[in-house]
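Please read the structure below before turning to the comments.
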Amino acid sequence: MTVRVRFAPSPTGFLHVGGARTALFNWLLARGSAGTFILRIEDTDRERSSDEMTSAILDGLAWLGLDVDEGPFFQAEGVARHVADAQALHERGAAYRCFCTPEELAARREEAKRTGTGYGYDGRCREIDASTSDSRAGAGEPFALRFRVPRGETSWEDLVHGPMSFPNDSIDDFIVLRSDETPVYNLAVVSDDHDARVTHVVRGDDHVSNTPKQIMIYEALDRPQPVFGHVPLILGTDGKRLSKRHGAMSVLAYEEMGFLPEGMVNFLALLGWSPGDDREVMTRDELVEAFAVDRILKKGAVFDLEKLEWLNGQHIAASPAESLAAHVRPALEEEGVVIEDEARLHAVVDLVKGRPRTLPALVGQVRPFVAREVDYEQAAVDRFWKRSDEAARVLRELGPALAGLPEPWTPDAVEPVVRGLAERLEMGAGRVINPLRVALMGQGVSPGIFDVVALMGRQLVERRIRTALGYLDAKSAVADVLGGDDTSPPEDA
RNA sequence: GCCCCCAUGGUGCAACGGCUAGCACAUCACUCUUUCAAGGUGGAGAUAGGGGUUCGAUUCCCCUUGGGGGCACCA
C-alpha cells in the first residue's frame, strides 16, 4: 500500500507555524516512503474563507519547499458528494432529521451552561418516528441531519499516541448536514479523505476529539479507515497553544525576518521529533531519510526563537556562497549598492558567513566590503574609539605601513604589518586591531581582521582609514572644546 | 459540567527495565591575550508528588497535582 497523506488547512488564516509543522510531517512521511502528498483547502465556510489566505498558504508551503503532488483541491467543490454521503447516512438510519432550530439549540446551550450541566445536544429529535419525520419534512419544516451516535466505545490505534478510546455516550449526536443542505466539517473530511484514498491522516492534537466522530462515519458508511496520527501542538513560551499574541503569525513572517527555509524546516522538524540520536543540524534530505512517525513525541513543544536563530546560523554557515549571494545581492542593490564582481561577492560571503544568524545580519557583514562608505555603530565607537586621539594615531600610522605591501594583499602579509605597528607603538595588538576593525567594518563584529584587510584590498582600506580619520579628528576637536577627551584607560583586550 | 491527551534542567531532544540520567539552545565562568553574533574548555541546572510491580524503575500500573486540547447548523 503506498502512502497517501494530506495537509488540509482552512483558508481562514495564514500558514502559521503549527500548520507548517503539520504539513512538514506529512510531507516528510510522503517523501520518505515514495508516497503522495496531497493539499486540500477546506473552504466550506465561505464566510471566513478567502482567496488571499489560500494563496498565502500556498506561498508559505512553497517557501518551505514542501512541494505538493496532488492538489490543491478545494473542499467546497465536493459539496455534491458530501451531501450524497449525508443522505446515504440518513438512508442507512445512521442519521436522522433534527427539527430543532439553531436559535433553540443556542438557547438550550446557554441554559445548560448556566446550570453547569454540560452543553450537549439532548437528543430530543432522535426518537421521532420515520413517518412523522417524513411528513414534517414534507410539510416544508426545515431540518438538519444529525448523526446517530451508537452505544459503545470508539477506539483506534494512534500513530503517535498508541491506543486511544472514547466512550460514545460522551459524544453528542452531531450534525452532518445543515438545514441549508451544506455539509459540516466532520462529514466533508471523511468524504474527501475517502475520495482521495488517503491512507494516513496526520494532523494536530486539536483534532483528536473529531476522530471518533469521523471513525463512526466511516463505519456507518462501511468504508475502509485510514490510520490516524495526532501530533502535539506547538506552544508559546507561556505553555499555551501558539497564537498571534506570541508573535508567530505566518511562516512568511520568518522569511521576512531573514530565516532560511532550510533553517525553518530543520527547526520545525525538531519540535516534537528527533532522529533518535544527537543530530540536530540536518539538511532536508537528511530529515527525509531519518523521519519516522513513531518517533514523534506526545507532548507539546514550546517554540524557542533563540534556538531557531542558532539553527538558522548553522544553515547560513553551511550554505554555499552562490545561494547566499542570491539573497544578499538584491538586499544590497535595494539600498543602492551595486555589485559587479560576482566572484568577489562570493569570496566575501564565504569569509563572513560563519557568524550571522539571519540574512539581514549576513548582509550587514557583507556591506562593508562592497559599499562605498559604512555607518559607524555607536556601541563599537564607544568601545574601541573611546580615545579618539589614540585611535587616530594608530590609523595614521597604519595607512603608510599597509601601503608598502605588494599586491595582491594576503592575510599572511598583512598580519606582520599590523602586529609590527603594535610593537613599535608598544601596545597590545588589540589596541591596533580593534580601532582598525571599526574603521573598516563600522561595527564591532567581523571575521579575523587580517582576512578582512586582505579581502578589502588597498583602495577600500585606504578610503576607510581616511574617512575614519576625518571622523576621529572631528570627535577630538569636539572633545577639546567640551573640556577633555575621555582619558580613562583604553581597552586593550 | 463532561470527554480526551500530556508530564526528563528555563527551552528543544536522548536514555533494550540496568554505567555517575546524555546532547543542543540559552545562561555563567574561563579561554582564544583579535572583536563576537564565531571557536574551545568548564560550571550550574531535570526525571512533578505519592503509592505499587520488580533484585533493580526516567522507563510498567494506580492515585494526586499540574498543564494542554476538545465538547457549534466553525474548520
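Keep in mind that the numbers below use all heavy atoms, side chains included, and drop hydrogens, waters and symmetry copies. Letters A, B, ... mirror the listed sequences (proteins, then strands); counts begin at 1.
Using modelled atom types and a 3.5 Å distance limit, the side chains of His16(A) and Ser250(A) yield no donor-acceptor pair. Side-chain contact annotation: Asp85(A) with His82(A), donor-acceptor N/O pair under 3.5 Å absent.
Counting only Watson-Crick and G-U wobble pairs whose two distances sit under 3.5 Å, RNA chain B takes part in these stems of three or more pairs: B:1-7 with B:65-71, B:10-13 with B:22-25, B:27-31 with B:39-43, B:48-52 with B:60-64.
Taking 4.0 angstrom as the limit, Ser179(A) places none of its side-chain polar atoms (N or O) nearer than this to OP1 or OP2 of C73(B). OP1 and OP2 of U34(B) both lie 4.0 Å or more from every side-chain N or O belonging to Arg355(A). Contact between the side-chain N/O atoms of Arg279(A) and the OP1/OP2 oxygens of A24(B) is not found at any separation under 4.0 Å. Neither OP1 nor OP2 of U33(B) sits under 4.0 Å from any side-chain N or O of Arg431(A). Neither OP1 nor OP2 of G69(B) sits under 4.0 Å from any side-chain N or O of Arg241(A). Within the structure, a side-chain polar atom (N or O) of Arg109(A) is placed less than 4.0 Å from OP1 or OP2 of C73(B). Between Arg419(A) and U34(B) there is a side-chain polar atom (N or O) within less than 4.0 angstrom of OP1 or OP2.
Spacing between G9(B) and A15(B) at atom P, rounded to whole Å, works out to 16 Å. Taking atom C1' in both U8(B) and G12(B), the straight-line distance is 12 Å, to the nearest Å. Here the separation of G22(B) from G39(B), taken at their P atoms, is 23 Å to the nearest Å. As rounded to the nearest Å, A7(B) and A75(B) have P atoms that lie 32 Å from one another. Between C4(B) and A38(B), the distance separating the two C1' atoms is 47 Å to the nearest Å.
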Can you give me the N/O atom pairs linking the protein to nucleotides 6-11 of chain B at distances under 3.5 Å, or say none if there are none?
residue, atom, partner, partner atom, Å
U8(B), OP2, Lys299(A), NZ, 2.3

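Nearest to the side chain of Arg146(A), among A24(B), A37(B), C73(B), sits C73(B). Taking only side-chain atoms of Val184(A), from C-beta outward, the nucleotide of A15(B), C3(B), A75(B) with the closest atom is A75(B). Among the nucleotides U35(B), A72(B), G69(B), the one closest to the side chain of Asp172(A) is A72(B). Considering only side-chain atoms of Val445(A), the nucleotide from C3(B), C36(B), A75(B) that sits closest is C36(B). Distances were taken from every side-chain heavy atom of Arg48(A) (C-beta onward) to each of A37(B), A75(B), C73(B); the shortest belongs to A75(B).
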| message | Is there a salt bridge (charged side-chain N to carboxylate O under 4.0 Å, His left out) between Lys240(A) and Asp238(A)? Walk through the geometry before answering. | response | CA-CA 5 Å; Lys240(A) 297 236 176 24; Asp238(A) 57 359; 5.4 Å; no
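Nucleotide U34(B) holds its C1' atom 13 Å from the CE atom of Met441(A), rounded to whole Å.
Nearest-nucleotide positions on RNA chain B for Arg437(A) and Leu271(A) put Leu271(A) closer to the 5' end. Along RNA chain B, the nucleotide closest to Trp273(A) and the one closest to Ser446(A) are compared, and the more 5′ of them pairs with Trp273(A).
Phe174(A) pairs by the ring pair (Phe, Tyr, Trp, His ring centres under 6.0 Å) definition with Phe147(A), not counting sequence neighbours.
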